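Let me begin by presenting the structure, written as structure tokens, before commenting on it.
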Amino acid sequence: LLPNALTIFGVCLGLSSIKFAIDLNYSMAVIAIGFAAILDTLDGRIARLIKGTSKVGKELDSLTDVISFGVAPGFVMYFWTLNEIGKFGWMFVLIYTVCCALRLARFNLTTVEENESWKINFFEGVPSPAAAGLVLLPLILNLSGIIKLDNYALISSAAILTTSILMVSKLPTYSLKRIVIPRNSTIFLLLGIGIYVSLLIFYTFKTLFFTGVVYLLLIPISFFHFRIKNKKSFK
């Protein structure tokens, strides 16, 4: 019940982000999707921890991801700037949402063989919560006030199309859900979380923007890491 309740809460946050965007409250729209991403990370871990995994939970999680990280970010970006380019803006939203659904359908069918258990630490393509963050990156940059750009519609179009391709691609990316932290490193992890949360509270959108940039830099690193691991598994 608990993991599924968190998943349902994630759906509500995703839909609420659309309502915030309609009201032109884009900062709250981004924050709502951010909290939905946190819940998406927690529900699976909690389900495994309390041994409460189920087929219903798995399907519900995928449906939630389509709404919170496929439909909601697309609507937010459309209301913010993509509507300026008319039908093309809406077409980009449709492409992104369809790619998100296809990516999740493939994820549900993905199985890892026992002799290649290391692959569980990698996703095939960019996962939907991370994709939502990448799509929202131009809006987050604007809200951060770091730099002001002129043509956000063009930048947002490039971001949404690139992210759509990354989602359905077979590019290996790190799976942060499966990271196991050694006990002797727990104190440093908690310290890091404390610092990061403090930065989020006082410099919310600046921190989110640099988090997105760091994730982008991790994509090529994960690709080469995967290739090295793959070569070792054949030896």
Side-chain angles (χ1 to χ4, degrees), residues 6-22 25-44 60-82 89-90 92-108 123-144 152 155-169 171 173-177 200 204-205 207-219 222:
L6 291 175
T7 304
I8 293 296
F9 190 28
V11 175
C12 296
L13 285 169
L15 291 172
S16 295
S17 71
I18 299 174
K19 175 65 167 62
F20 287 130
I22 292 171
N25 190 350
Y26 296 110
S27 58
M28 282 303 299
V30 172
I31 290 169
I33 293 174
F35 275 113
I38 293 170
L39 291 179
D40 181 67
T41 303
L42 291 177
D43 60 8
L60 185 62
D61 187 61
S62 292
L63 292 171
T64 299
D65 286 357
V66 171
I67 295 170
S68 298
F69 310 122
V71 176
F75 269 97
V76 171
M77 294 304 290
Y78 182 78
F79 290 134
W80 179 57
T81 189
L82 289 177
W90 184 244
F92 295 152
V93 172
L94 294 178
I95 290 170
Y96 172 74
T97 306
V98 169
C99 286
C100 183
L102 291 172
R103 189 252 175 274
L104 289 164
R106 185 179 65 187
F107 173 75
N108 288 341
F123 284 125
E124 197 174 66
V126 171
S128 52
L134 295 180
V135 164
L136 293 170
L137 213 53
L139 172 57
I140 294 170
L141 176 61
N142 178 259
L143 293 170
S144 70
Y152 276 108
I155 296 167
S156 300
S157 300
I160 201 167
L161 286 174
T162 303
T163 306
S164 300
I165 294 168
L166 287 173
M167 272 198 297
V168 295
S169 71
L171 189 71
T173 58
Y174 286 124
S175 171
L176 302 180
K177 289 184 177 183
L200 277 176
T204 306
F205 297 106
T207 305
L208 287 175
F209 177 74
F210 285 114
T211 301
V213 171
V214 169
Y215 183 81
L216 281 171
L217 294 174
L218 282 174
I219 292 176
S222 64

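None of these values were measured; they are calculated from a predicted model. For the single chain, residues carry numbers from 1 onward in sequence order.
No donor-acceptor pair under 3.5 Å is formed between the side chain of Thr162 and the backbone N or O of Ala159. Checked by atom type and distance alone, the side chain of Thr173 pairs as donor or acceptor with a backbone atom of Gly125 at under 3.5 Å. The backbone N or O of Met77 sits nowhere less than 3.5 Å from a side-chain atom of Thr81 that would complete a donor-acceptor pair. In this structure, the side chain of Tyr26 engages the main chain of Phe79 through a donor-acceptor pair within 3.5 Å. Within the 3.5 Å criterion, the main-chain N or O of Ile160 finds no donor-acceptor partner in the side chain of Thr163. Between the side chain of Ser68 and the backbone N or O of Gly10, at least one donor-acceptor pair lies under 3.5 Å.
Closest heavy-atom contact between Phe205 and Ser27: CZ-CB, 3.4 Å. Across Asp40 and Pro129, no two heavy atoms sit closer than the pair OD2-CG, 3.3 Å. The nearest pair of heavy atoms linking Leu134 to Gly212 is CD2-O, 4.2 Å. Nearest approach of Val76 to Ala29, heavy atoms of both residues: CG2-CB, 4.1 Å. Here the closest heavy-atom approach between residue Pro138 and residue Val135 is recorded as CD-O, 3.3 Å. Of all heavy-atom pairs between Val126 and Met167, the closest is O-CG, 3.4 Å.
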**OP:** List the steps, then state whether side chain to side chain contact (heavy atoms under 4.5 Å, CB included) holds for Leu82 with Ser157.
**Re:** CA-CA 7 Å; Leu82 289 177; Ser157 300; 3.5 Å; yes

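Surrounding OH of Tyr215 are more than 12 heavy atoms belonging to other residues, nucleotides or ligands, all under 6.0 Å away.
Checked against the 6.0 Å centroid threshold, Phe75 and Trp90 count as a close aromatic pair.
Note that the OG atom of Ser164 and the CD1 atom of Ile95 stand 6.5 Å from one another [nearest 0.5 Å]. Taken to the nearest 0.5 Å, the OG1 atom of Thr64 stands 10.0 Å off from the CG atom of Leu39. Atom CG of Leu217 sits about 11.5 Å away from atom CZ of Phe210, to the nearest 0.5 Å. For the atom pair CG (Leu216) and CG (Leu137), the distance works out to 6.5 Å, reported to the nearest 0.5 Å. For the atom pair Leu161 CG and Ser156 OG, the distance stands at 11.0 Å (nearest 0.5 Å). The distance from atom CD1 of Ile140 to atom OG1 of Thr204, rounded to the nearest 0.5 Å, is 11.0 Å.
Side-chain polar atoms of Asn142 and Ser144 form no donor-acceptor pair below 3.5 angstrom.
Contact of the Ile8 side chain with the Leu60 side chain is registered, since non-hydrogen atoms from C-beta on lie closer than 4.5 Å. For the pair Val93/Tyr96, no side-chain contact is recorded, criterion being any heavy-atom separation below 4.5 Å from C-beta on. Between Phe107 and Phe123, some side-chain heavy-atom pair lies under the 4.5 Å cut-off.
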